[in-house]
Amino acid sequence: MLQLVPSSQVSAPERLGAYEYYVQQMPGRPHPCYMRRVAHVAAPRSLSFSSTSNSRFSGGAPGGEVVLDVNDLAAVHGEYVQVGQVKLTRCGRHVAFTLDAGDGSEAFGAFTRDLRTGALRHLATVGSVVSLEWAADGRTLLCTQPNGLGRPWRVLGADAAAAAAGDGAASWPLFEEEDERFFVELGRTKDWSFLTINCNSKASSEVHLLPADLRGSGTAVAVGPRLVQQRTPGLEYFVEHSCGQLYILSNARGETNYAVFRVPTSVPDLGQVHWQRVVGEREAGGAMEDMDMLEGWLVLYLRRHGRQQVAALPLGHGLPLVAQSISETTTAAAAAEEDPAASAGAAAGAAAATVSALAQAPAEVLRVAPLPDWALSVVAGANADYYSSHIRLLLSSPVHPEAAFDWHLGREQLAEWRGLAPLGGQHRQQQQERQQEQPPGQQHCDTAATMPLSQQQSLSPPGYKWQQLWATSPDGTQVPLTVAHAAALAPPAPCPCLLVVYGAYGHCLPADYLPERIPLLHRGWVLALAHVRGGGELGRRWHAAGRGGAKATSVDDLEACLDHLVSAGYTAPGMVALEAHSAGGLAAGALLNRRPNALGAALLEAPFVDVLSAMCQPDLPLTRHEYEEFGDPGDPHQFNQIRALCPYQTVRQAAYPPVLLTCSQQDMRVPYWGPLKFAARLQAAAREGQAGRVQGGPILLLPDGQAGHFVHERDLFQTKAQQYAFLVTAIEGRL
């Protein structure tokens with residue numbers, strides 16, 4: 001694994017104002033260092049960034065200026081220190097960040113650093129925080145505070161300098177959320193117009209706006225939060241702002257896979273009755289996952305048949321052409337509903353008008369990024385500059401190392417950064433589950449090369465190949481399955497196979513490059529990623545089809561993927577090693593109980609396997625928040641559904657394959673006693689008769705006293721080497 005990761009790693013810089021930001025990691029210094037350097041060209045208009053005469057950097061020099069060195073923090077707070085969020089002030093002089101000592105408790109404190117003087121301050125009076133945002137004045141910092149169960153519920157405003165000096169009166173409450181199903185997170189529109197207070201449950205959301213110039217010219221908060229749309233069961237929405245318009249990504253009006261709406265911020269009521277539809281799934285050609293906003297562009301992140309795509313819509317003055325045609329369609333459809341006698345003809349005419357308008361629209365209206373065919377994973381860069389004309393995209397696949405590309409919006413080419421190797425060893429699954437915002441900077445190089453699309457598609461690393469397969473679940477549903485293996489295995493012969501699953505919360509199982517998996521491919525293994533229902537690979541409907549009372553479909557899909565790999569000749573019964581983490585442990589544990597003889601080994605990291613016990617304890621962190629995902633055991637019918645699927649409750653006497661489970665006493669998400677109990681019950685079930693003869697196994701447990709829910713970055717390769725060595729030894733029958 002270590003041979004695949006360079007000892008020196010520097011990311012490609014991303015522009016924000018007068019600076020380019022990047023990350024570097026050097027030999028002997030195991031933690032990242034966040035850097036910046038003066039950009040080579042003038043800052044965009046309408047931005048005013050402070051400059052510094054700090055002698056530690058010169059314009060454009062590779063060394064640059066230190067923004068935040070986590071190695072220095074580790075020297076004070078311990079080697080397992082974790083940095084959560086990193087936020088810059090608008091002027092670029094101060095950085096605020098959250099810091100955890102690395103004991104697994106995920107208790108983050110708030111800190112600030114003055115980039116001109118280097119002064120580092122702890123905002124101890126604010127207490128534990130989850131998220132934070134600067135106001136436009138660069139002095140006021142907003143923070144969310146967790147309650148006793150770790151749920152972020154209160155928003156505080158604070159004078160950062162006074163709070164760091166220990167002034168207890170330097171902070172004041174701005175917002176509180178009493179509903180235990182909702183988590184509160186802070187955000188900011190990219191154009192610095194608004195700060196956002198986002199209240200989200202698993203199935204609904206509510207957003208409140210504050211002007212970014214929170215305190216005006218005075219010392220008190222000028223105005224209170226402004227509600228966008230009152231929470232409604234099942235209604236989700238997320239907001240951005242540009243040129244006096246609030247852009248809203250939402251499932252309103254039956255748009256299950258999201259659409260983008262907009263409403264002028266000048267209207268008294270921002271509620272959805274006033275929202276104008278801009279673009280939806282039909283026009284975009286895929287399910288929307290996210291959106292981004294630049295001064296002249298609306299950027300859409302999509303899924304088309306399970307594959308990621310990126311598209312952009314030019315905004316300009318007034319509604320874009322696509323939005324105009326859709327607005328006309330909506331008006332015609334509304335008129336048809338009011339006149340039932342003419343409804344059929346009007347609806348048909350409206351649909352025809354839309355198709356005609358879109359067909360006549362110039363090709364540049366909705367522009368699609370020319371992604372290379374091998375780009376199974378598309379991760380957006382920081383893209384923090386609202387005035388930029390391009391976006392950074394990080395592309396990879398299970399057999400293609402991550403590469404940084406810039407898409408100049410609307411063009412038919414991508415510019416790839418070439419130079420030092422990208423940052424490696426980052427566990428994307430963990431990053432997605434943490435849902436922490438990353439600071440600017442991803443990949444680094446000093447020159448860019450523009451490649452035509454045809455050349456991009458021809459790129460392929462020697463020796464490996466990937467394929468997109470489809471398995472058929474018992475109800476006839478087609479389940480996407482990503483497979484990677486050595487090219488020499490084509491046509492494939494039965495080989496050891498690592499089958500990975502997640503399938504929860506609408507999160508997609510990333511088909512990205514993880515260096516720790518490559519040695520398995522080198523040994524002749526097949527890597528298979530099962531994109532089962534409950535995830536988001538085919539949009540929000542895919543998530544809904546595998547949550548709550550429908551959660552059993554996740555297990556059915558996983559079993560179908562297993563059988564497809566065997567029937568297609570990639571592997572054979574007893575040669576499959578199952579891997580899952582956290583909520584993925586539910587589907588994996590259930591399959592382990594259902595088909596123990598078909599598996600050769602299983603690796604379950606901090607698995608959610610005692611689902612019933614956890615969901616019956618509302619005093620645990622996250623439990624009430626999870627009712628909409630796994631069910632409420634207070635309802636007798638849902639109680640029985642949870643019990644029937646819970647891996648701990650459904651262990652049976654059987655010859656289980658070798659199983660390795662991990663847990664941590666500091667885990668705030670999956671209680672450590674769940675994997676402990678599951679391991680004990682598996683061990684007991686493997687014994688048959690009074691003689692105590694052991695069938696199958698062994699069932700092993702590796703507890704950890706510090707790591708928490710996630711493996712620390714510095715221990716990732718050591719941990720994965722140990723875990724994969726267990727799987728290799730088990731599949732080879734040497735345990």
Side-chain angles (χ1 to χ4, degrees), residues 44-48 90 133-137 140 142 155 157 174-175 185-199 205-218 220-232 235-253 255 258-280 288 290-300 312-331 334 365 385-388:
R45 61 180 177 82
S46 304
L47 283 179
S48 175
R90 188 176 191 182
E133 283 289 350
W134 287 105
D137 61 10
T140 307
L142 273 62
V155 177
L174 286 174
F175 183 86
E185 183 178 14
L186 290 169
R188 173 183 56 78
T189 60
K190 189 179 289 188
D191 64 355
W192 281 96
S193 292
F194 296 101
L195 301 171
T196 61
I197 300 174
N198 309 291
C199 306
S205 55
E206 183 177 273
V207 179
H208 300 258
L209 302 178
L210 286 167
D213 188 12
L214 187 64
R215 294 160 68 175
S217 59
V221 176
V223 296
R226 182 185 184 188
L227 177 65
V228 176
Q229 163 64 42
Q230 186 174 10
R231 67 189 63 171
T232 302
L235 176 65
E236 299 174 282
Y237 70 97
F238 315 91
V239 305
E240 252 296 352
H241 178 269
S242 181
C243 301
Q245 299 284 334
L246 203 63
Y247 287 83
I248 304 162
L249 181 70
S250 176
N251 63 350
R253 303 176 190 170
E255 298 281 356
Y258 292 145
V260 176
F261 302 85
R262 71 186 215 170
V263 60
T265 55
S266 58
V267 300
D269 180 9
L270 298 176
Q272 67 166 313
V273 66
H274 301 292
W275 295 357
Q276 290 180 306
R277 190 174 183 277
V278 175
V279 61
M288 297 185 191
D290 203 356
M291 70 173 179
D292 197 2
M293 187 68 61
L294 301 178
E295 183 183 29
W297 294 89
L298 171 65
V299 181
L300 304 174
L313 189 67
L315 298 179
H317 298 288
L319 290 175
L321 180 58
V322 170
Q324 289 178 347
S325 63
I326 299 307
S327 178
E328 294 167 0
T329 303
T330 303
T331 302
V365 171
D385 193 342
Y386 172 70
Y387 297 96
S388 177

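Values below: every heavy atom of this structure, side chains too, minus hydrogens, waters and symmetry copies. Counting from 1, the numbers follow the sequence of the chain as shown. Source: prediction; values computed, not measured.
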query = So, for R231 and C199, which heavy atoms are closest and what is the spacing to 0.1 Å?
reply = NH2-CB, 3.9 Å
task = Compare every heavy atom of K190 with every heavy atom of D385, then report the nearest pair and how far apart it is.
result = C-CD, 4.1 Å
key: Atom pair CD1 (I197) and CG (L142), whose distance is rounded to the nearest 0.5 Å   = 7.0 Å
ask   = Is any side-chain heavy atom of E295 closer than 4.5 Å to a side-chain heavy atom of D191?
value = no
request  = Would you please test L235 and S250 for side-chain contact (heavy atoms from CB on, under 4.5 Å) and show each step?
outcome  = CA-CA 7 Å; L235 176 65; S250 176; 3.6 Å; yes
query = Should P314 and W297 count as side-chain neighbours, where that means a heavy-atom distance under 4.5 Å?
reply = yes
query = So do L186 and T196 actually touch side chain to side chain, heavy atoms under 4.5 Å?
reply = no
request  = Look at the rings of F194 and H241 and say which category their plane angle falls in: under 30° parallel, 30 to 60° tilted, over 60° perpendicular.
outcome  = perpendicular
ask   = Which heavy-atom pair separates W275 from L270 by the least distance, and what is that distance?
value = NE1-O, 2.7 Å
key: L214 and D137: CA distance, side-chain angles, deciding distance, side-chain contact (heavy atoms from CB on, under 4.5 Å) verdict   = CA-CA 8 Å; L214 187 64; D137 61 10; 6.0 Å; no
request  = May I ask you to test the L298-M293 pair for a side-chain heavy-atom distance under 4.5 Å?
outcome  = yes
key: Minimum side-chain heavy-atom gap L313-L300 below 4.5 Å   = no
inquiry  = Are the side chains of E255 and F261 in contact, using a 4.5 Å heavy-atom criterion?
reply    = yes
inquiry  = How close do M291 and V239 get, counting heavy atoms only, and between which atoms?
reply    = CE-C, 4.0 Å
ask   = How far does CD1 of I248 sit from CZ of R262, to the nearest 0.5 angstrom?
value = 11.0 Å
task = Test N198 against F238 for side-chain contact (heavy atoms from CB on, under 4.5 Å), laying out the working first.
result = CA-CA 8 Å; N198 309 291; F238 315 91; over 6 Å; no
task = Can you see which heavy atom on W134 is nearest to which on L195, and at what distance?
result = O-CD2, 3.4 Å
inquiry  = Could you tell me if S242 and Y386 have a donor-acceptor pair between their side chains, going purely by distance under 3.5 Å?
reply    = yes
query = What is the distance from atom OG of S193 to atom CG of D213, rounded to the nearest 0.5 Å?
reply = 11.0 Å
Flag, side chain of Q229 to backbone of Q272, donor-acceptor distance under 3.5 Å = yes
ask   = Any donor and acceptor pair, going by atom type alone, linking the side chain of T265 with main-chain N or O of L246 inside 3.5 Å?
value = no
ask   = So, does N251 use its side chain to make a donor-acceptor pair with the main chain of E236 at under 3.5 Å?
value = yes
query = Quick one: does Y247's side chain get under 4.5 Å of V260's, heavy atoms only?
reply = yes
message = Using a 6.0 Å distance limit plus a 45 degree cone around the ring axis, check whether R188 lies over the aromatic ring of W192.
response = yes
inquiry  = Which heavy atom of G280 sits nearest to which heavy atom of A259, and what is that distance?
reply    = CA-CB, 3.7 Å
